[in-house]
Amino acid sequence: MTDKPIVQDFATDWDHTDPAWVNNPYPIWDELRGRCPVAHTDRYGGAWFPATHAGVSAIANDTENFTSRTVVVGNGRPQEDAPPAPIGVAPPITSDPPFHQIARRLILPAFSPGAVNALEPQIRALCAGLIDQMEGHEIVNGGTEYAQFIPPSVIKQMLGFPAGDEDLFREFVHIILEGIDLPIEERIEAFAPIEAYFVQQIEEHQENPRDDLTSYLLNVEVGGQKLAMEHVFGTMVLILVAGIDTTWSAIGASLWHLASHPDDLARLVNEPDLMPVAIEEFLRFYAPVTMARLVKHDMEYLGCPMKENDWILLGFPAANRDPNVFEDADKFIIDRRENRHLAFGLGIHRCAGSNLARLELRCAIEEFIKRFPRFELADSSAVTWAQGQVRGPRNLPIRILA
Amino acid sequence: MKVLIDADRCQGHGRCFSLAPTLFEFDELGNGVVIGDGRLDSQTLELARLAQVNCPEHAIEIDEAP
Ligand code: HEM
């Protein structure tokens, strides 16, 4: 990571990797919302950050003026090596219409509520098993002993990858999400083991097809033709990347909240029926994911002089705190009745895995509080938050109370 | 009174069928669909409104004409 100057003014020089933003972005976004609804920075070769719900939804719904060709902000201009829209490296997230719809529809049935709900017993058993290992300890780590293990195991199962490779997946996700900062040659080098792993899995599935997502992608036909190998590969990588850090962050942030808000923890333990509504409030308040777009052509948009290939960072988490849309937006209200949050995005790219993510989050929290109805942060200064476009606690020491 | 889902707006967030499973279900892609003809009485109207105010895409419409 390069040494960058500390941000003095987020309206004209924002940076989502600045320590102030990483540690606590919410006051920054509140200020931006009041001052200039779309902040600008010359960093990253030029980028915009809409902090209001109106700004985020306008751009998320506008595929005429913005492209999803690259969705992770990198240093300098967008990667010259990124295959052009409409397909992109990782369909459907990097695809634009009309191809986007084809790539998305292919995977939606695998993530429909009916399909993912079948995984519930297995997810619960996984959570309970992790908790068994923590039983009897005074201090447990909600991040490194719990949250981080849940999503990789589920994704492994869906893609049909070998058991025991979960550590490798976390490593891959790290390389992909952080590697964006590297020069192209280094990025290609860092990516080589990931490519080799996926190619091996694909070949293994070609020899032994079975009932999993990898075999499905290899065999499904669109207009009488199988998918291009780059498409299969890109979608597999996407599912791995999109499914792991995100959900791990949501589980961690929810545990962090409960560990620091004993009243909410007590309510959730005593009123289990609140869980579905509480899950939505966790997702609104601690939405972990921001996603990027690229400006397609020079234009004046929302009063801003945007240039072709400027980045847009879509602040879904900032939109979720917009007081124009949410009553008491800056308060966590565990039984909030109206909650049109954007944690899973908005428009055609709505998170394809949202049903699975909700299921994992609900099982993880329910199982944890069932076994440990009282707990608190063991050392709030030791908690670290992941930087970048996925935000959540990584180190989360929790003291279990009697 | 009737509830309907604008299929062009719905993106499958799944809030309606989670909050009001007696009024909405999901199709094979996970998008929301109204069960039956969507007719509402005074009780189901409340439930439909709850789904409406939780739909991020503003895809749920309620026709309150009797
Ligand atoms: C709490 C956890 C999660 C959050 C907050 C989250 C958030 C998001 C967001 C905001 C988008 C929209 C991206 C954009 O507009 O460019 C997205 C897209 C996507 N997510 Fe998730 N996600 C989560 C978990 C998952 C899981 C578990 C999976 C699958 C295993 C998944 C798969 C996807 C896919 C495939 C897309 C691309 C959809 C498209 O472009 O049509 N996500 N996610």
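Just so we're on the same page: letters track the sequence lines, and every chain starts at 1.
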Distance check, rounded to the nearest 0.5 Å: [X] atom [atom1] versus [Y] atom [atom2]?
{"X": "A/Arg340", "Y": "B/Gln52", "atom1": "CZ", "atom2": "CD", "value": "6.5 Å"}
{"X": "A/Leu108", "Y": "B/Gln11", "atom1": "CG", "atom2": "CD", "value": "9.5 Å"}
{"X": "B/Arg15", "Y": "A/Glu280", "atom1": "CZ", "atom2": "CD", "value": "3.5 Å"}
{"X": "B/Asn54", "Y": "A/Arg337", "atom1": "CG", "atom2": "CZ", "value": "8.0 Å"}
{"X": "B/Glu57", "Y": "A/Leu346", "atom1": "CD", "atom2": "CG", "value": "4.0 Å"}
{"X": "A/Asn355", "Y": "B/Ser18", "atom1": "CG", "atom2": "OG", "value": "7.5 Å"}

Region of [X] that comes under 4.5 Å of a non-hydrogen atom in chain B:
{"X": "A/Ile107", "result": "neither"}
{"X": "A/Pro276", "result": "neither"}
{"X": "A/His341", "result": "both"}

Check this for me: [X], atom [atom1], are more than 12 non-hydrogen atoms of other residues, nucleotides or ligands nearer than 6.0 Å?
{"X": "B/Gln43", "atom1": "CD", "value": "no"}
{"X": "A/Glu271", "atom1": "CD", "value": "yes"}
{"X": "B/Asp37", "atom1": "CG", "value": "yes"}

For this session: Please determine, among A/Ser354, A/Pro113, A/Ser112, the option with the most heavy-atom pairs under 4.5 Å with chain B.
Result: A/Pro113
Exercise. Most heavy-atom pairs under 4.5 angstrom with chain B, which of A/Gly345, A/Pro109, A/Gly347?
Worked result: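 When all of A/Gly345, A/Pro109, A/Gly347 are compared, A/Gly347 has the most.
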